[in-house]
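Report on the following structure.
Just so we're on the same page: letters track the sequence lines, and every chain starts at 1. As the structure is a computational prediction, the values presented were derived from the model and not from experiment. Computed over heavy atoms, backbone and side chain alike; hydrogens, waters and symmetry mates excluded.
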Protein chains: 2
Amino acid sequence: MISNKAKYALKAMTILARHHSKKMQANAIAEEGQIPYKFLEAILAELKNRGLVISKRGAFGGYVLGEEPEEITAGDILRVIDGPIAPLRCASVSGYQPCDDCEGEEICAIRNVMMDARIALSNVLDQKTLKDMAKFERGRKESIFDE
Amino acid sequence: MISNKAKYALKAMTILARHHSKKMQANAIAEEGQIPYKFLEAILAELKNRGLVISKRGAFGGYVLGEEPEEITAGDILRVIDGPIAPLRCASVSGYQPCDDCEGEEICAIRNVMMDARIALSNVLDQKTLKDMAKFERGRKESIFDE
DNA sequence: TTTAAATCCTAGTAATTCAATAGGAAATTG
DNA sequence: CAATTTCCTATTGAATTACTAGGATTTAAA
Ligand code: FES
Ligand code: FES
């Protein structure tokens with residue numbers, strides 16, 4: 001289970017991807033994504049610190065993607081907000097940490113399963129780019145503005 | 001990320017699977033798996049309620065697997081302890097719940113990604129049985145008792 | 001029939017994480 | 001300067017996590 005925060009982050013990023021060229025304000029993102037404004041601000045701050053978005057302050061400021069939509073994956077975003085995607089730290093690449101209750105992790109059956117799980121999971125999450133996700137939701141864009 | 005509790009549950013179940021025929025006491029499981037005794041008791045209670053283990057009370061009591069090791073999967077155990085394995089409830093089969101902040105989930109890009117993630121994940125977790133896991137750790141059994 | 005050894009049951013607790021909110025400082029544009 | 005918008009600090013309430021305590025209940029052996 002990912003956190004609400006991570007879900008909002010994914011949502012915000014796909015919204016930014018849909019509005020690709022244009023800079024958007026937190027305000028507008030919050031409304032379009034049904035995300036609590038202040039919470040979104042905190043999320044955008046984290047994404048900014050990791051370079052996934054670029055911000056401009058002051059009047060007529062806003063946010064733009066930090067990289068091309070085809071270069072940012074769901075995995076990138078999830079790792080920034082929720083940390084490692086592996087089900088266990090001992091099976092993680094980005095957040096590896098040994099299990100102190102398992103001696104001999106090379107031979108640990110649980111770790112073995114979780115390594116497979118991590119691989120399967122990251123094969124999906126590191127393949128799906130914002131471009132893919134923005135495309136998926138196209139055709140819905142109108143219905144948002146219709147009502 | 002799965003909880004420590006879930007990890008302990010997986011550990012306890014693989015230990016039971018290794019000792020297949022024989023009944024084991026919580027005591028012995030706790031020691032072999034380096035699991036806090038009282039915590040393990042609570043875990044075994046949950047597993048028992050779902051039929052994954054069978055218990056016998058009183059002196060010389062203990063626990064046995066509730067089904068054959070090839071019939072119990074890592075996914076079964078994880079669902080009992082940590083709930084649904086899908087990254088989002090809206091992408092879950094066992095624990096489905098709609099997202100109230102996304103209208104039109106058929107067309108939601110985030111849900112789409114998480115459905116793929118859930119499928120990839122459950123393909124691994126629902127395939128790995130306790131038999132597989134016990135086999136993986138065989139050959140290590142001796143080294144535990146050697147030192 | 002007592003007693004020792006187990007599981008079972010109810011509760012509680014300390015620490016952490018989650019999901020936000022509040023309030024104002026700093027920057028930018030017109 | 002004034003309005004707008006991001007940025008920063010900090011706090012809060014609720015939930016979850018990771019356990020622990022203590023005793024009731026059951027069973028089998030002495
Ligand atoms: S080494 Fe991490 S679960 Fe065993
Ligand atoms: S429907 Fe669940 S994330 Fe959009």
Side-chain angles (χ1 to χ4, degrees), chain A residues 1-12 16 22-31 33-66 78 80-84 87-89 95 99-101, chain B residues 1-12 16 22-31 33-64 66 78 80-84 87-89 95 97 99-101:
Chain A
M1 286 281 178
I2 68 173
S3 66
N4 234 323
K5 196 172 175 182
K7 178 176 131 183
Y8 287 152
L10 289 166
K11 235 177 170 183
L16 277 173
K22 283 166 282 179
K23 149 190 66 184
M24 274 190 94
Q25 297 174 347
N27 203 331
I29 300 172
E31 196 182 348
Q34 302 267 77
I35 305 168
Y37 174 72
K38 276 294 191 178
F39 198 15
L40 177 62
E41 267 194 333
I43 292 165
L44 288 168
E46 289 186 52
L47 293 169
K48 195 204 126 189
N49 288 338
R50 303 295 201 93
L52 292 184
V53 301
I54 294 169
S55 67
K56 187 162 190 192
R57 302 177 73 167
F60 297 85
Y63 297 88
V64 196
L65 291 182
L78 285 173
V80 167
I81 303 297
D82 273 359
L88 283 177
R89 296 206 105 83
C99 283
D100 52 355
D101 59 319
Chain B
M1 285 281 177
I2 66 172
S3 66
N4 235 322
K5 196 172 173 181
K7 177 176 131 183
Y8 288 152
L10 289 167
K11 236 179 171 182
L16 277 174
K22 282 166 283 181
K23 149 190 68 181
M24 274 189 94
Q25 297 175 347
N27 203 331
I29 300 172
E31 196 182 347
Q34 301 267 77
I35 305 167
Y37 174 72
K38 275 294 193 181
F39 199 15
L40 176 62
E41 265 195 335
I43 293 165
L44 287 169
E46 289 187 51
L47 294 170
K48 194 205 126 185
N49 288 338
R50 302 297 200 92
L52 291 184
V53 299
I54 294 169
S55 66
K56 187 162 192 195
R57 302 178 74 169
F60 296 84
Y63 297 88
V64 195
L78 285 172
V80 166
I81 303 297
D82 274 356
L88 284 176
R89 297 205 106 80
Q97 226 177 316
C99 283
D100 51 353
D101 60 319

message: Output the rounded distance in Å from CD (B/Gln34) to C1' (D/dC19).
response: 16 Å
- request: Sorted by first residue and then second, give each side-chain hydrogen bond (donor to acceptor under 3.5 Å, both in side chains) pair with at least one member in residues 44-65 of chain A; sequence neighbours left out.
  value: A/Lys5-A/Glu46
query: Excluding sequence neighbours, so at least two apart, what forms side chain to side chain contact (heavy atoms under 4.5 Å, CB included) with A/Met24?
result: A/Ile15, A/Leu16, A/His19, A/Ala28, A/Ile29, A/Glu32
query: Does B/Tyr8 have any ring pair (Phe, Tyr, Trp, His ring centres under 6.0 Å) partners at least two apart in sequence or in another chain, and if so, which?
result: B/Phe39
- line: Contacts of A/Glu41 meeting side chain to side chain contact (heavy atoms under 4.5 Å, CB included) (sequence neighbours excluded), chain-then-number -> A/Tyr37, A/Lys38
- request: Could you tell me whether B/Ala26 contacts a base, only the sugar-phosphate backbone, or nothing, with contacts defined as non-hydrogen atoms closer than 4.0 Å?
  value: sugar-phosphate
statement: Taking every heavy atom of B/Pro84 against every heavy atom of B/Gly95, the minimum-distance pair comes out as CG-CA, 3.9 Å
field: B/Ile54 CD1 to B/Leu47 CG distance, which is reported to the nearest 0.5 Å
entry: 12.5 Å
message: I'd like to check the side-chain hydrogen bond (donor to acceptor under 3.5 Å, both in side chains) partners of B/Asn27; sequence neighbours left out, ordered by chain and number.
response: none
- prompt: Between atom CG in A/Asp101 and atom P in D/dC19, what is the gap in whole Å?
  reply: 9 Å
task: Measure from CG on A/Leu44 to P on D/dC7 and round the result to the nearest Å.
output: 8 Å
query: Would one find a side-chain N or O of A/Tyr37 under 4.0 angstrom from OP1 or OP2 of C/dA22?
result: no
query: Can you check the A/Gln25 CD to C/dA27 C1' distance for me, whole Å?
result: 14 Å
field: Atom pair distance, as rounded to whole Å: CD1 in B/Ile29 and C1' in C/dA6
entry: 12 Å
Provide a list of protein-nucleic acid N or O atom pairs under 3.5 angstrom, restricted to nucleotides 13-18 of chain D.
unit_1, atom_1, unit_2, atom_2, d
D/dA18, OP2, B/Asn4, N, 3.2

message: Rounded to whole Å, how long is the line connecting atom CD1 of A/Ile43 with atom P of C/dT21?
response: 11 Å
message: Does D/dT5 have OP1 or OP2 under 4.0 Å away from a side-chain N or O of A/Ser55?
response: no
message: Quick check on C/dC8: is either OP1 or OP2 less than 4.0 Å from any side-chain nitrogen or oxygen of B/Lys48?
response: yes
- line: Atom NZ of B/Lys23 and atom C1' of C/dT7 are separated, to the nearest Å, by 12 Å
message: If I take atom CG in residue B/Leu40 and atom P in nucleotide D/dA21, what distance separates them, rounded to the nearest angstrom?
response: 16 Å
field: Residues forming a side-chain hydrogen bond (donor to acceptor under 3.5 Å, both in side chains) with A/Asn4, sequence neighbours excluded
entry: none
B/Asp82 side chain to B/Ser3 backbone, donor-acceptor under 3.5 Å: yes
query: When you check every protein heavy atom under 4.0 Å of nucleotides 23-30 of chain D, what one-letter string (B, S, -) results, 5' to 3'?
result: B-BBBS--
